[in-house]
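Step one of this worksheet: look at the structure below.
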Amino acid sequence: MIFSCTYQKKVVLLHSQKFYIINMAQTQEETFKKIVAHCKEYGFVFPSSEIYDGLGAVYDYGQNGVELKNNIKRYWWDSMTLLHENIVGIDAAIFMHPTTWKASGHVDAFNDPLIDNRDSKKRYRADVLIEDQIAKYDEKIAKEVEKARKRFGESFDEEMFKSTNERVKEHIAKREALHERFAKAMNDNNLEELKQIILDEEIVCPISGTRNWTDVRQFNLMFSTEMGSTADGAMKIYLRPETAQGIFVNFLNVQKTGRMKIPFGIAQIGKAFRNEIVARQFIFRMREFEQMEMQFFVRPGEELKWFEHWKQFRLKWHKALGLGDEKYRFHDHDKLAHYANAATDIEFLMPFGFKEVEGIHSRTNFDLSSHAKYSGKKIEYFDPELNQSYTPYVIETSIGVDRMFLSVMCSAYEEQALEGGDTRVVLHLPAVLAPVKACIMPLVKKDGLPEKAREIMNELKFDFKVAYDEKDSIGKRYRRQDAVGTPFCITVDHDTEKDGCVTVRYRDTMTQDRVKIEDLHEIIRKATDPKELYRKIVGDSFEDTNE
Ligand code: ATP
């Protein structure tokens with residue numbers, strides 16, 4: 001699959017010539033395995049109920065993971081509810097009246113096409129097998145282009161090359177034909193055609209290597225359970241597969257009690273559950289996960305303008321973290337969900353390729369209209385400026401907390417060779433998201449240094465998550481903090497009492513500064529305050545959502 005190509009990171013010699021990135025020629029699969037192992041070893045993510053050998057695609061967040069996750073949620077929540085006076089939050093229950101899911105279309109249409117390989121007995125999503133095949137053509141094209149770029153140097157014209165080179169033209173034509181056929185089959189819900197594509201493309205099972213496929217079938221992804229004590233009176237209910245419906249059924253409650261005027265948004269963070277057919281890639285595809293969703297209610301006819309607005313705003317939110325602008329791209333949907341009239345994904349470059357982290361959807365007035373129909377209640381908004389009532393249209397931004405977590409981890413992880421033959425693993429986490437902002441260390445465990453270190457820590461801990469460490473050599477303590485991504489290590493030494501200063505050591509550059517104790521708070525605040533990021537997002541050109 002996309003895993004096979006080699007991960008060629010350049011050897012980078014950084015300023016002080018102290019370290020090199022060492023994962024030369026490491027395959028993406030190897031890198032990813034190391035990230036997963038690192039997440040477990042350093043208390044970020046554990047397999048759920050591990051002592052019983054775990055549960056497929058369910059994970060627990062450890063002591064560092066929960067801090068990172070909470071920081072991601074805080075960054076998202078505040079960017080919605082603080083930066084926009086017309087966006088408010090709610091926290092709806094996971095259990096909802098079962099008719100909700102009839103009205104939303106999930107009972108009838110929340111399906112994935114599945115296919116089994118008879119030899120390996122492994123189950124796959126038919127659409128994902130085909131998407132991976134399209135990605136293979138993309139890789140072939142990209143490889144040819146790169147080869148040619150090296151050959152022709154400065155004078156290389158990529159568009160010209162793509163339109164004239166016979167081999168590349170052939171790959172492009174095959175890719176386009178496959179893409180078109182796939183999009184049509186998905187739109188028509190044509191399961192036989194999906195199977196035929198898999199056969200025609202000679203797609204093999206990655207485990208058995210054979211093409212012994214079953215027919216493609218639809219599989220509903222919702223988990224159900226029963227509510228009520230007696231078998232007769234029990235009601236079949238679902239674990240919500242998305243948080244959005246909790247917002248739609250509360251539209252009137254929030255609009256009326258908050259006296260909200262269109263356009264306005266409702267934001268929510270919460271758990272969602274999907275019985276995914278194929279659980280792979282660690283926390284990328286889980287059966288229990290968390291979503292951060294915002295539904296923005298607008299006038300009919302204005303939805304595409306707002307769709308564009310939210311696309312740009314959300315991309316800025318991602319880029320402000322500084323994980324690398326080139327790691328993001330939009331991917332417009334070929335197959336629109338039953339409720340949408342425009343949809344795009346924000347994809348992030350994971351070690352296993354560009355993958356969806358967030359969806360932005362123009363959901364029309366489908367959900368509110370459908371809930372009105374099924375509930376028999378009038379769900380409309382009276383627009384005083386137009387002097388008319390209507391069912392608002394909706395733009396949704398929907399991002400998975402866990403996928404965001406994974407993208408942050410993947411871009412932060414780095415192995416470095418240090419001068420003198422030593423190595424370190426460092427997480428270059430954005431300081432705003434780092435689980436621990438600073439670690440306070442007495443140089444030695446005596447001479448009153450631990451007491452001074454604790455005194456400093458006690459001052460800082462009201463505002464920042466800080467740690468204290470006095471065990472082992474300073475070098476080892478630095479390594480431990482690098483591995484969890486702590487931006488600052490603060491060392492108290494024998495001069496501290498005399499000069500009122502400590503040594504601050506920076507995670508990424510490993511350089512050190514002697515600073516006054518009273519300046520510590522501001523140094524940490526400046527680096528870790530989300531406000532700095534919000535300024536980047538809002539900028540000068542911020543187009544307000546209060547139009
Ligand atoms: P995919 O195509 O990968 O199955 P989707 O298009 O079904 O995802 P949406 O329904 O748009 O996803 O959900 C919004 C967001 O919720 C996704 O962008 C993703 O970040 C997150 N998400 C969806 N399913 C999962 C899952 N099984 N595990 C973790 N996060 C998920």
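Indexing begins at 1, ligand by ligand and atom by atom, following the structure's order. Side chains are part of it too, since the values below use all heavy atoms of this structure and drop only hydrogens, waters and symmetry mates.
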Shortest protein contact, [atom] (heavy atom only):
| atom | answer |
| --- | --- |
| atom 4 (O) of ligand 1 | R285 NH1, 2.8 Å |
| atom 2 (O) of ligand 1 | E356 OE1, 3.7 Å |
| atom 16 (O) of ligand 1 | Q291 NE2, 3.3 Å |
| atom 22 (N) of ligand 1 | F289 CE1, 3.5 Å |
| atom 29 (C) of ligand 1 | F284 O, 3.3 Å |
| atom 19 (C) of ligand 1 | R403 NH1, 3.5 Å |

Please check: side-chain N/O of [X] versus main-chain N/O of [Y], any donor-acceptor pairing under 3.5 Å?
| X | Y | answer |
| --- | --- | --- |
| S370 | A103 | yes |
| T27 | E30 | yes |
| H84 | S79 | yes |
| E303 | S362 | no |
| R507 | L429 | yes |
| Q268 | T243 | yes |
| D188 | N190 | no |

Sub-4.0 Å heavy-atom approach of [X] to ligand 1:
| X | answer |
| --- | --- |
| E242 | no |
| V357 | yes |
| E396 | no |
| H361 | yes |

- request: Check whether the ring centres of H318 and F313 lie less than 6.0 Å apart, and answer yes or no.
  value: no
Just which atoms of ligand 1 are under 4.0 Å from any heavy atom in [X]?
| X | answer |
| --- | --- |
| E276 | 24 (N), 26 (C), 27 (N) |
| M286 | 26 (C), 27 (N), 28 (N), 29 (C) |
| G359 | 18 (O) |

- prompt: Should the pair F352 and F284 be assigned to parallel (<30°), tilted (30 to 60°) or perpendicular (>60°) ring geometry?
  reply: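 Because their plane-to-plane angle is over 60°, the rings of F352 and F284 count as perpendicular.
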message: My understanding is that we take every heavy atom of each candidate and find the minimum distance to atom 9 (P) of ligand 1. Doing that for E358, R274, M292, which one comes out nearest?
response: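 The residue whose heavy atom sits nearest atom 9 (P) of ligand 1 is R274.
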field: Residue selection (non-hydrogen contact nearest atom 21 (C) of ligand 1) among S398, S407, G400
entry: G400
message: Taking 4.0 Å as the limit for heavy-atom contacts, which would you say applies to R125 with ligand 1: side chain only, backbone only, both, or neither?
response: side chain
message: Ignoring hydrogens, what is the shortest heavy-atom contact between A244 and E396? Give both atom names and the distance.
response: CB-OE2, 3.5 Å
